[in-house]
Structure formats: C-alpha cells, structure tokens
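All values below come from the heavy atoms of this structure, side chains included, with hydrogens, waters and symmetry mates left out. A, B, ... follow the sequence lines: proteins, then strands. Residue 1 opens every chain.
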Amino acid sequence: AQTVTQSQPEMSVQEAETVTLSCTYDTSESDYYLFWYKQPPSRQMILVIRQEAYKQQNATENRFSVNFQKAAKSFSLKISDSQLGDAAMYFCARHAMYSGGGADGLTFGKGTHLIIQP
Amino acid sequence: NAGVTQTPKFQVLKTGQSMTLQCAQDMNHEYMSWYRQDPGMGLRLIHYSVGAGITDQGEVPNGYNVSRSTTEDFPLRLLSAAPSQTSVYFCASSLAGTNTYEQYFGPGTRLTVT
C-alpha cells in the first residue's frame, strides 16, 4: 500500500514564530500531486497548499510554503508568522491511483496537531 | 454555490440497523468520493465515483454500498451497521480534466453505532 507518514503527532509554536511540519510518502509514480489540508475544530477540511511533483519550484501561499524534496520523497509545510487561527490538525496527502485508474482519491497521513501558544 | 453538502450532521444507530448518508454537490464535478476518519487516523477512502453510473472501491469498502445515478448525488449506504463503523464520514468532489486532483470536502457526518 502506498503510504503517507507524518512523524509528529503534535507540535507547539509561539505566536508569530515559524514552525515546520514533516511529511514523507511512498510512491512509484513519477508525476503526482501532494497536498496539505487543515482541519480546525469545526472538522471542515480546508486545502492549505498543493504541489505538483514535476514542478521544481516549491509552492507558496502567503504565510504557507513547502519544502518539496522529490528524491527523498519529503514534503514539509512551513508556517511563518504563526497566528492563533492556525491552530488545527494538519494532514499531508497525496493523490493515489486506485483500481479504477481515474483521478479518484487521496491517501492521507495521520495528521499533526498544531498548537499555537499566545 | 452551496458546494458539497452532507446530511445528517449527526446520527446514532443501533447495531444491525441500516441507513443512508446523503451527499450532494452543485459544482458539476464528475468525481465524488467518501472517506471515513477515525481517531488518530487520517481520512481513508471508502468508495469513489468518476461519473454517473460508475463507482469503484477505495481502501476500506467493506460494509458500505454506493451508487451514482446523477452527477450531483452520491449516497453512502450502511446495510447492517456495526460498532466498527462508528466514525466521521466525509464526502468530497473534484473536477475532472484539470489534473489538479483537488478535493472539495463536505462538513462531515458523525455516526455512532451502539
């Protein structure tokens, strides 16, 4: 089974500081998509950032950026200037091909609980 | 647009009962899917559909049935509920042809089987 591993069950950071969440994954494909989703206590899944594997440039969305290391199969999320509203579960995910072969679903890591200390 | 909607938000079932979780989207997305989220776990794919009349199994399909008669709706059926199906269920949809595979999620249904 293709897996996504988040090795940090919980991270804590001071407000306004920078934090990096780790993610590694398994794949035999050369082109694929990677995602970070945020899940606040409301449990709504919110897309934070997306990276396409064939693109060399790391994706950036405002205070959120990734460090994508394709050879190492590593996809970490950096949050700069942390804010209280960033407190949530963060899930790393990659597009997965299932038996149907279509664009059909995501494989998720187990998540990292991010705590923001005021 | 309402996006992806799910009903009900909460449900309690007794073991052996059946029910259908409803999911609808108004974005004309071809792809729809169901995930379950258990404590300490990420979301796991149950079933998915790449268009009306076409469905297939994901990672954890046992105990669930789906059908897709329209583009908008993708209900998930539990034929005989078991305590192991206690979970939060998410429906998601995505647009074909964009090659981004970004999933739009509904708000989730919390199901408890006693």
How about [X]: does its [atom1] atom have over 12 heavy atoms from other parts shown lying under 6.0 Å from it?
| X | atom1 | value |
| --- | --- | --- |
| A/F64 | CZ | yes |
| A/Q57 | CD | no |
| A/K110 | NZ | no |

> Ignoring hydrogens and geometry, is there a side-chain-to-backbone donor-acceptor pair from B/Q103 to A/L47 under 3.5 Å?
Replying inline: no

> Checking heavy atoms, do the side chain of A/Q6, its backbone, both or neither come under 4.5 Å from chain B?
Replying inline: neither

> Roughly how far, to the nearest 0.5 Å, is CZ of A/R43 from OG1 of B/T109?
Replying inline: 7.0 Å

>> I need the A/Q39 CD to B/F105 CZ distance, nearest 0.5 Å.
In response: 9.5 Å

> With sequence neighbours left out, what residues match A/F91 under ring pair (Phe, Tyr, Trp, His ring centres under 6.0 Å)?
Replying inline: none

> Can A/V48 be reached from A/L114 by stepping across I, L, V, M, F, W or Y side chains whose heavy atoms are under 4.5 Å apart?
Replying inline: yes

>> Need one label for B/R110: side chain, backbone, both or neither, based on atoms under 4.5 Å from any heavy atom in chain A.
In response: both

